[in-house]
Amino acid sequence: MTEKTALTPSTHTTPPAKFSHGVKKGNILQVAGQVGFLPAVTGQAPTPAGPTLREQTLQTFANVKAILEEGGASWDDVMMMRVYLTDVDHFAEMNEIYNAYFAEQNLKEAPSARTTVYVGLPKGLLIEIDALAVLS
């Protein structure tokens with residue numbers, strides 16, 4: 001039986017509750033919801049990337065990617081992403097950022113994705129993304 005392995009890259013803070021940034025079991029890797037926090041600095045509270053949706057989205061992608069890499073995966077292994085926005089007016093801009101980012105990744109196939117408008121993120125945060133990867 002394969003054991004679960006919790007994943008916390010060095011760029012991430014220790015989660016504030018009993019959960020992991022990512023969990024790998026066998027060839028399945030689940031990335032927990034990530035937000036646009038800048039890389040962790042010891043002794044400092046998490047700091048969001050700039051105030052714009054673009055800055056936070058790109059940092060969120062970097063945070064998801066760090067967990068994928070920690071678990072031995074890449075964007076090519078991602079089967080599903082879920083994007084949560086705090087403002088419906090950000091939907092078109094997020095799609096533009098998403099399309100440009102993944103065009104640069106040279107993926108064989110884009111992952112499936114779902115976007116939801118969700119207003120429950122901590123103050124100042126505009127986007128959250130989780131991902132499910134299956135490693136070969």
Side-chain angles (χ1 to χ4, degrees):
M1 183 175 227
T2 307
E3 291 187 33
K4 285 194 306 187
T5 302
L7 305 170
T8 299
S10 61
T11 54
H12 288 54
T13 58
T14 301
K18 184 125 179 88
F19 66 86
S20 302
H21 287 290
V23 174
K24 182 178 177 184
K25 184 171 182 177
N27 68 336
I28 305 292
L29 191 162
Q30 176 66 55
V31 177
Q34 298 296 299
V35 294
F37 285 140
L38 295 169
V41 175
T42 304
Q44 290 185 9
T47 304
T52 69
L53 179 66
R54 174 171 296 285
E55 291 166 306
Q56 287 193 22
T57 301
L58 293 175
Q59 185 61 53
T60 301
F61 284 146
N63 294 343
V64 171
K65 184 178 180 184
I67 296 165
L68 291 170
E69 290 174 349
E70 184 82 6
S74 72
W75 286 119
D76 272 320
D77 298 307
V78 174
M79 301 296 294
M80 176 67 175
M81 291 185 14
R82 284 171 292 275
V83 178
Y84 304 93
L85 298 171
T86 59
D87 187 333
V88 71
D89 291 335
H90 290 161
F91 198 92
E93 182 182 1
M94 189 282 303
N95 280 341
E96 289 175 20
I97 297 164
Y98 182 99
N99 288 340
Y101 179 85
F102 284 105
E104 292 174 6
Q105 301 307 305
N106 298 315
L107 301 179
K108 294 174 190 168
E109 298 292 337
S112 61
R114 178 172 188 333
T115 302
T116 301
V117 176
Y118 173 74
V119 293
L121 294 177
K123 184 177 171 123
L125 293 173
L126 305 173
I127 187 167
E128 179 177 335
I129 298 173
D130 68 49
L132 175 66
V134 178
L135 291 79
S136 3

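Sequence positions, counted from 1, serve as the residue numbers for this chain.
Among residues at least two apart or in separate chains, side chain to side chain donor-acceptor pair (under 3.5 Å) pairs with a member in residues 51-64 are Thr52-Glu55, Gln59-Asn63. The ring-ring contact (aromatic ring centres under 6.0 Å, His included) analysis of residues 103-136, with sequence neighbours excluded, yields no pairs. Among residue pairs with one or both ends in residues 101-118, none qualify as salt bridge (Lys or Arg N to Asp or Glu O under 4.0 Å); sequence neighbours excluded. Residue pairs that meet the salt bridge (Lys or Arg N to Asp or Glu O under 4.0 Å) test with at least one member in residues 5-29, sequence neighbours left out, do not exist here. Applying the salt bridge (Lys or Arg N to Asp or Glu O under 4.0 Å) rule to pairs touching residues 75-92 yields Arg82-Asp130, sequence neighbours excluded.
The minimum heavy-atom distance linking Pro48 with Pro46 is given by the pair CD-O, 4.0 Å. The shortest non-hydrogen separation linking Pro51 to Leu126 is O-CD1, 3.4 Å. Looking at every heavy atom in both residues, Ala66 comes nearest to His12 through CB-CE1, 3.9 Å. Across Thr2 and Gly26, no two heavy atoms sit closer than the pair CG2-N, 3.0 Å. Heavy atoms only, all atoms of each residue included: Met94 and Leu53 are closest at N-CD2, 3.9 Å.
The shortest side-chain heavy-atom distance between Tyr101 and Leu58 falls under the 4.5 Å cut-off. Residues Leu135 and Leu29 are in side-chain contact: their nearest non-hydrogen atoms beyond the backbone lie under 4.5 Å apart. The shortest distance between side-chain heavy atoms of Trp75 and Met81 falls below 4.5 Å. Two residues are said to be in side-chain contact when any heavy atoms from C-beta on lie closer than 4.5 Å; Val31 and Leu68 meet this criterion. Side-chain contact between Val83 and Ile127 is present, with heavy atoms from C-beta onward closer than 4.5 Å.
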Quiz: residues 35-45 side-chain donor-acceptor pairs under 3.5 angstrom, not counting sequence neighbours:
none

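With a 6.0 Å radius and a threshold of 12 heavy atoms from other residues, nucleotides or ligands, Met80 has its CE atom above the threshold.
Tyr84 is not connected to Ile67 by any chain of hydrophobic side-chain contacts under 4.5 Å among Ile, Leu, Val, Met, Phe, Trp and Tyr, and they are in different clusters.
Membership of the apolar cluster around Val88 extends to Val117, as traced through chained side-chain contacts below 4.5 Å between ILVMFWY residues.
Here Glu69 contributes atom CD and Thr11 contributes atom OG1; the two are 9.5 Å apart, rounded to the nearest 0.5 Å. Residue Ile129 holds its CD1 atom at 8.0 Å from OH of Tyr98, rounded to the nearest 0.5 Å. Rounding to the nearest 0.5 angstrom, the gap separating the CZ atom in Phe102 from the CZ atom in Phe61 is 4.5 Å.
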The test is side-chain contact (heavy atoms from CB on, under 4.5 Å); show your working for Val134 and Ile28 and say whether it passes.
CA-CA 5 Å; Val134 178; Ile28 305 292; 3.8 Å; yes
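A search for side chain to side chain contact (heavy atoms under 4.5 Å, CB included) contacts involving Asn95 returns Phe91, not counting sequence neighbours. In this structure, His90 has no side-chain hydrogen bond (donor to acceptor under 3.5 Å, both in side chains) partners at least two apart in sequence or on a different chain. Residues passing the side chain to side chain contact (heavy atoms under 4.5 Å, CB included) test with Val23, sequence neighbours excluded: Lys4, Ser20.
Ring geometry for Phe19 versus His21: interplanar angle over 60°, hence perpendicular rather than tilted (30 to 60°).
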